[in-house]
Structure formats: C-alpha cells, structure tokens
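Bear in mind the structure is a predicted one, so any value in this text is a computation, not a measurement. Counting starts at 1 for both ligands and their atoms, in listed order.
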Amino acid sequence: MIRFEKVQLRFDTGISLRNLNFKINKDEFVYLHGPSGSGKTSILKMIYMELFPNEGLVEVLDQASSLAKRREIARVRQQVGMVFQDFKLLPDRDIYSNIALPLEIQGLRSDAVHQRVIALADDMGLRSRLAHYPQELSGGEQQRVTMARATINAPAILLADEPTAHLDEKSASEVIQWIWKVHNLGTCVIFATHKEHILKQEPARTLSILAGEIIEDYQR
Ligand SMILES: Nc1ncnc2c1ncn2[C@@H]1O[C@H](COP(=O)(O)OP(=O)(O)O)[C@@H](O)[C@H]1O
Ligand SMILES: [Mg+2]
C-alpha cells in the first residue's frame with residue numbers, strides 16, 4: 001500500500017530526511033513517533049504527494065510519486081484522508097459543506113451526499129452544528145468535523161498529523177477513539193505524534209524518527 005525505498009529529501013537548508021525504508025500494508029495502524037523537527041510531517045507530505053523525494057522511491061496505492069502526473073496524484077488523493085493539528089476547515093463554508101466536500105469532488109449525487117453527511121454527523125454528535133461555520137465551533141468540535149470530512153468517503157489511507165495537539169484531554173481521547181474506529185472499519189492509518197503517552201494508551205506498530213532517520217521500527 002505504501003512503500004519507501006532509500007528515500008532522501010533535501011531542503012535548501014540541507015539534507016532533512018535520509019535513507020527511509022519501510023512498507024506499510026493496507027490493514028495496518030502505524031505511529032510515526034519523534035520529536036518536533038524530526039521529519040514526521042515531511043513523510044506524510046511525501047505520502048500525500050505534496051513533497052517529492054530527491055532520491056529513492058515513494059509508492060502509494062501502486063503509484064510511484066515521481067512518475068505521477070496531476071491526474072494520478074488527484075486519484076491517489078481521493079483515497080487519502082488528512083487530519084492536521086490546526087484543522088484547516090474552509091472558513092466560508094458551513095459545517096455541512098465542509099464535510100460533504102470529498103463526496104462532491106467525487107461527483108456523488110446531492111441526495112446521496114445528504115444521506116451520508118447526516119448519518120455521519122449523527123454518529124459523531126455534529127448534527128446540531130451542520131448549519132454553523134467553523135469559527136463558531138470549539139476546537140474539539142472542529143477537529144471532529146475535519147475527521148468527518150477526512151473519513152466520509154471511507155478512504156484507503158488516513159494520515160493524521162498531531163491531530164490532538166491543540167485539544168483538551170477529553171476531545172483528544174475522542175479523536176483517538178474515532179481514528180481507531182475508522183481503522184477497524186478497514187482504513188490504513190498513519191498517525192504522527194511526539195506524545196509518548198498516546199503510543200502507550202493504544203499500542204501499535206511504531207516508526208521512531210530522529211533527525212530525519214528511522215531509528216526503530218517495532219510492534220508493541
Ligand atoms: N519547507 C521547508 N523548507 C526547509 N526546511 C524544512 C521545510 N519543511 C520542513 N523543513 C525541515 O525539515 C525537518 C523536518 O520537519 P518536519 O517534517 O516538519 O518535522 P516534524 O513534523 O517531525 O516536526 C526540520 O528540520 C524542518 O526545519
Ligand atoms: Mg509536524
């Protein structure tokens with residue numbers, strides 16, 4: 001599903017990530033764990049084909065990123081959900097339209113979109129928020145909306161980049177429970193975090209990153 005082979009990524013400021021080698025299968029939940037600046041976000045961006053390696057191979061859903069043209073990148077991205085620490089909701093769209101976005105991009109009919117959005121909003125306790133705008137919601141609610149948007153089309157892969165960073169404990173634990181639920185429904189999850197206690201709470205395979213290198217790859 002995801003394959004990194006001898007991947008090196010350089011920024012103008014110098015080499016940032018080097019000799020990354022790993023494979024992730026479609027049924028896995030994997031933590032990327034390492035301190036701030038170690039390279040977690042850069043790895044997620046290479047999987048999302050937003051950054052491209054200077055050397056080596058990044059393959060996602062059987063597509064090598066270096067060979068991918070715009071259309072192939074779009075096709076991969078349709079199957080990848082993203083959740084960030086800072087939510088990135090569209091401020092001028094209400095919650096309904098934020099959640100519906102991936103289905104609209106896929107060209108689903110609006111009555112089918114409606115059905116799916118309502119069902120998911122009910123499931124996530126967001127039903128009463130659908131007509132509101134992102135800035136009217138609490139941080140925890142906003143993150144639930146980004147998760148609804150990221151998972152409404154049952155993506156093959158979910159990339160979560162420090163999704164609990166700005167949340168209180170209760171909202172953080174809801175986010176983590178939801179991500180595991182999505183995983184248990186068949187989505188491959190890559191979860192980047194610098195927080196040791198999250199790994200301990202819900203153990204899974206962990207890639208430990210330090211200064212742009214994977215120093216450990218272990219199963220808890
Ligand atoms: N656009 C960029 N230009 C230059 N250096 C960058 C850029 N993005 C990230 N870096 C550098 O790459 C390294 C890894 O960053 P990042 O992937 O954001 O780490 P993390 O997500 O683990 O905090 C850091 O040293 C960072 O300064
Ligand atoms: Mg980061």
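- Residue contacts with ligand 1 leave out Gly34, since none of its heavy atoms falls under 4.0 Å from the ligand.
- Aromatic ring centres of His33 and Phe191: separated by at least 6.0 Å.
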**Test salt bridge (Lys or Arg N to Asp or Glu O under 4.0 Å) applied to Arg129 and Glu136, step by step** = CA-CA 9 Å; Arg129 292 286 180 262; Glu136 297 167 350; over 6 Å; no

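- Distances from atom 17 (O) of ligand 1 to the protein include at least one heavy-atom value under 4.0 Å.
- The part of Pro35 lying near ligand 1 is the backbone, judged by heavy-atom distances below 4.0 Å.
- Atom 15 (O) of ligand 1 has its closest protein heavy atom at Ser42 OG, 3.9 Å.
- Looking at ligand 1, you'll find an N or O of Gly37 within less than 3.5 Å of one of its N or O atoms.
- A donor-acceptor contact shorter than 3.5 Å is absent between the side chain of Gln79 and the backbone of Val76.
- Using a 4.0 Å cut-off between heavy atoms, Ser16 contacts ligand 1 through its side chain alone, with no backbone atom that close.
- The aromatic rings of Phe29 and His183 lie perpendicular to each other, with more than 60° between the two planes, well past the 30° mark.
- A donor-acceptor pair under 3.5 Å links the side-chain atoms of Ser138 to the main chain of Glu141, judged by distance alone.
- Of all atoms in ligand 1, numbered sequentially from 1 with element shown, those under 4.0 Å from a heavy atom of Lys40 are 17 (O), 19 (O), 20 (P), 21 (O), 22 (O), 23 (O).
- With a 4.0 Å cut-off on non-hydrogen atoms, Thr13 touches ligand 1 through its side chain and not its backbone.
- Residue contact check: Thr41 has heavy atoms under 4.0 Å from atoms 17 (O), 18 (O), 20 (P), 21 (O) of ligand 1.
- Of the protein's non-hydrogen atoms, the one nearest atom 19 (O) of ligand 1 is Gly39 N, 3.0 Å.
- In this structure, atom 26 (C) of ligand 1 has its sub-4.0 angstrom surroundings free of protein heavy atoms.
- Gln143 and Thr146 share a side-chain donor-acceptor pair at under 3.5 Å.
- In summary, Ser42 places no N/O/S atom under 2.8 Å from the Mg ion (ligand 2), failing the contact criterion.
- In summary, Asp168 and Lys170 do not engage in a salt bridge, as defined by a charged side-chain N under 4.0 Å from a carboxylate O.
- At the shortest separation from atom 3 (N) of ligand 1 among protein heavy atoms lies Phe11 CD2, 3.6 Å.
- Side chain of Asp94 to backbone of Ser97: a donor-acceptor contact under 3.5 angstrom is found.
- Counting only distance, with no hydrogens or angles, the side chain of Asn153 and the backbone of Pro102 share no donor-acceptor pair below 3.5 Å.
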